[in-house]
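Residue numbers start from 1 in every chain, and the chains themselves are labelled A, B, ... in the order their sequence lines are given, proteins ahead of strands. Note that the structure is a prediction, hence the values are computed from the model and not measured.
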Number of protein chains: 2
Amino acid sequence: MATIKDVAERANVSISTVSRVVNGTATVAAAKRDKVLQVMAELKYQPNSAARALAGNKTGMLGIVANDLADPFFATLLKGVETEARQAGMQVLAACGHHDAEQEEAAIRSLLSRRCDALIVHSKDIPDQQLLDLLSECPVAVVVNREIPEIADRCIWFDNLAAGYMATKHLLAQGHQNIAWLGRNQNITDNVDRYIGFCNALGQAGIDHNKAYKAFGEATVEGGYQLAYELIRSKSEVTAIMAYNDAMAAGCLRALHELNYKLPDDCSVMGIDDVILGLVVYPQLTTVNYPVEDIGRTAVKKALALLADQQLEMTNHFSPKVVIRGSVASLRKSVLRKSGS
Amino acid sequence: MATIKDVAERANVSISTVSRVVNGTATVAAAKRDKVLQVMAELKYQPNSAARALAGNKTGMLGIVANDLADPFFATLLKGVETEARQAGMQVLAACGHHDAEQEEAAIRSLLSRRCDALIVHSKDIPDQQLLDLLSECPVAVVVNREIPEIADRCIWFDNLAAGYMATKHLLAQGHQNIAWLGRNQNITDNVDRYIGFCNALGQAGIDHNKAYKAFGEATVEGGYQLAYELIRSKSEVTAIMAYNDAMAAGCLRALHELNYKLPDDCSVMGIDDVILGLVVYPQLTTVNYPVEDIGRTAVKKALALLADQQLEMTNHFSPKVVIRGSVASLRKSVLRKSGS
DNA sequence: TTGAAAGCGCTAACAC
DNA sequence: GTGTTAGCGCTTTCAA
């Protein structure tokens with residue numbers, strides 16, 4: 001590949017002049033500039049990013065560490081990050097944490113070693129303090145979906161408690177009382193917060209959450225399927241299911257179909273996350289929107305602002321919004337239907 | 001961040017020695033090596049990749065250009081690529097083509113400028129010749145899901161024709177005759193090949209494909225939903241629907257549910273791709289497996305082999321496999337059910 | 001086994 | 001406006 005020197009020689013100018021027309025850092029006589037441009041095209045010159053990074057002390061790269069790139073959730077986050085980064089002329093370097101503390105650390109380290117100008121980090125498995133240590137090596141780091149008090153201004157998270165609360169409220173508003181919680185059997189904060197929101201909403205409605213129906217399992221379609229199948233067979237009085245996330249809710253719908261429930265009248269199902277799965281199932285899922293792509297974009301904006309030393313005030317906290325589709329029915333209908341059949 | 005010089009000074013050795021222990025390129029006296037290692041840890045030394053790339057003329061980066069990172073299909077491809085790359089100690093640089101020729105070219109150029117050691121390219125919108133030109137700038141490039149005669153040995157693709165053929169055969173084997181094709185209204189090769197496979201299978205069964213039921217629209221859940229809804233209302237004699245992909249098939253199932261069809265008995269639905277959507281819907285989708293993750297991994301392996309100048313013979317062509325789940329019923333059942341209701 | 005030194009391709013002063 | 005030059009942090013001969 002051609003270098004800046006090749007271009008300079010062929011265009012009869014110095015390398016600085018070439019550098020100037022490439023970067024637009026200073027005015028260059030029109031004639032020379034045109035000549036340089038022409039030679040660049042002839043030689044298919046592409047500046048060497050490594051050399052640039054070394055000399056200029058910035059790489060133009062934005063690192064992102066996520067858990068699993070194939071997961072729709074992370075894929076959407078990545079998309080948001082990529083979109084925003086590209087607009088700023090930056091490239092995205094992706095590394096996978098694979099839901100494992102050691103690999104998460106390795107991922108961050110490798111990104112650090114690449115001297116990304118900024119890092120967007122989604123990490124659940126590394127403890128706060130260790131994460132702080134790691135990130136202290138990085139000029140700019142924004143943490144996504146996690147709130148670390150020491151760097152709260154560089155965190156962006158979703159209000160999971162409000163999500164659980166609002167979702168449950170929606171179910172209660174439709175008249176449901178016998179609401180089951182289909183939870184995740186892993187104590188990450190998302191899960192705990194959503195569950196607390198659920199309990200709060202029940203409590204406010206005068207329902208003792210200790211007596212509520214609950215089942216815990218894997219936060220996957222399959223997990224939701226199995227839990228719901230068991231639950232419904234033993235507790236047919238349940239009229240609504242509040243699932244930890246859309247994946248579980250989707251599994252839940254499948255279980256109900258298999259049990260020949262007529263949906264949504266025989267049983268309502270509510271999810272949280274608002275991922276594409278919810279549009280695919282029948283009935284389409286009533287859920288709570290989790291603006292992942294937005295979060296990704298905001299994270300990049302924040303990182304960029306930090307890089308530019310701007311004290312740009314921006315929300316670092318996203319609120320949930322109920323998305324009404326077809327999987328929740330009002331209790332009245334459900335009861336009528338049940339007594340009629 | 002600490003540099004190699006810092007480490008050298010503090011460890012009382014030359015930078016060459018540090019370089020040697022970092023890279024293991026030559027034996028270093030045990031005592032010195034330990035000292036260097038210790039200082040490296042103290043200083044949290046991370047080699048600067050840009051400097052390394054510049055001096056060593058290799059970046060350790062693998063570039064991938066895909067269309068839409070949030071699309072489950074590309075996300076899975078990316079995952080395969082990342083997994084394999086990481087095992088080889090390489091990092092993945094992702095760029096998005098956004099289904100647009102110009103942006104695809106920009107994506108490739110930016111990856112080129114980063115001096116990725118190898119490129120994995122998924123591109124549908126750039127014409128063959130132009131793509132060849134672009135890729136000629138790159139030491140190693142592997143093209144995925146596309147067959148370009150000039151570089152056939154560096155292409156990896158899926159046999160879409162066989163996929164359409166096998167899927168349709170499966171439907172025919174269940175006794176279906178009135179099979180509708182739910183196609184994509186865009187002439188990319190995937191679509192055309194699958195459709196030809198469909199026609200071939202019908203032809204072999206003595207059915208004139210010109211008289212077959214067909215509808216074309218967007219290759220999305222929504223597209224499948226709309227097409228199926230219209231089609232079924234006007235052509236109730238259709239007993240099976242062959243969809244271009246799983247997304248359309250999923251939309252199709254939703255339409256049938258809304259029309260109060262009992263699935264799969266009243267109408268069978270078959271997809272192609274075998275993405276996660278198929279596990280979420282009810283009934284779960286009978287489809288044809290498209291081993292994307294495998295393709296991603298194989299692409300990386302091929303790229304790595306090319307980098308190492310190995311003439312590693314490997315398949316560059318993946319064959320489809322039917323995945324039987326719940327969305328296809330045998331015609332007999334369907335007919336019985338129809339006449340009974 | 002070790003160190004000195006010459007680049008890799010570029011940016012950013014600094015002179016003119 | 002333009003050219004000269006000193007690095008950026010590393011790898012890799014080449015001597016010792």
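The interatomic distance linking A/Met1 (CE) with C/dG9 (P) rounds to 12 Å, in whole Å. Distance CZ (B/Arg115) to P (D/dT11): 19 Å, rounded to an integer number of Å. The NZ-P distance, from B/Lys5 to C/dA4, rounds to 13 Å in whole Å. Nucleotide C/dA6 holds its P atom 17 Å from the CG atom of B/Leu54, rounded to whole Å. The nearest whole Å value for the distance from the CD1 atom in B/Ile4 to the C1' atom in C/dG7 is 15 Å. Residue A/Arg52 contributes atom CZ, which lies 19 Å from atom P of C/dC8 at whole-angstrom precision. A/Lys58 places its NZ atom 15 Å from the C1' atom of C/dG9, with the value rounded to the nearest Å. If you take CG of B/Asn48 and C1' of C/dG9, they are 14 Å apart, rounded to a whole angstrom.
Evaluated for a ring-ring contact (aromatic ring centres under 6.0 Å, His included) with B/Phe158, the options B/Phe318, B/Phe73, B/Tyr290 yield exactly one hit, B/Tyr290.
Salt-bridge formation is not detected for the pair B/Lys44/A/Asp133: no Lys NZ or Arg NE/NH1/NH2 atom is positioned less than 4.0 Å from an Asp or Glu carboxylate oxygen. Between A/Lys79 and B/Asp71 there is no salt bridge, since none of the side-chain N atoms of the basic residue sits less than 4.0 Å from a carboxylate O of the acidic one.
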Per-pair distances, 0.1 Å, donor-acceptor, side chain in residues 25-37 of chain B, under 3.5 Å, sequence neighbours excluded:
none

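Distance alone, capped at 3.5 Å, places no donor-acceptor pair between the B/Ser19 side chain and the B/Ile15 backbone.
Residue B/Asn57 is classed as having no contact, given no heavy-atom separation below 4.0 Å to the nucleic acid.
Near DNA chain D, meaning a heavy atom under 4.0 Å from it, residues 9-32 of chain B has B/Ile15, B/Ser16, B/Ser19, B/Arg20, B/Asn23 in order of number.
Applying the salt bridge (Lys or Arg N to Asp or Glu O under 4.0 Å) rule to pairs touching residues 108-118 of chain B yields B/Glu105-B/Arg109, sequence neighbours excluded.
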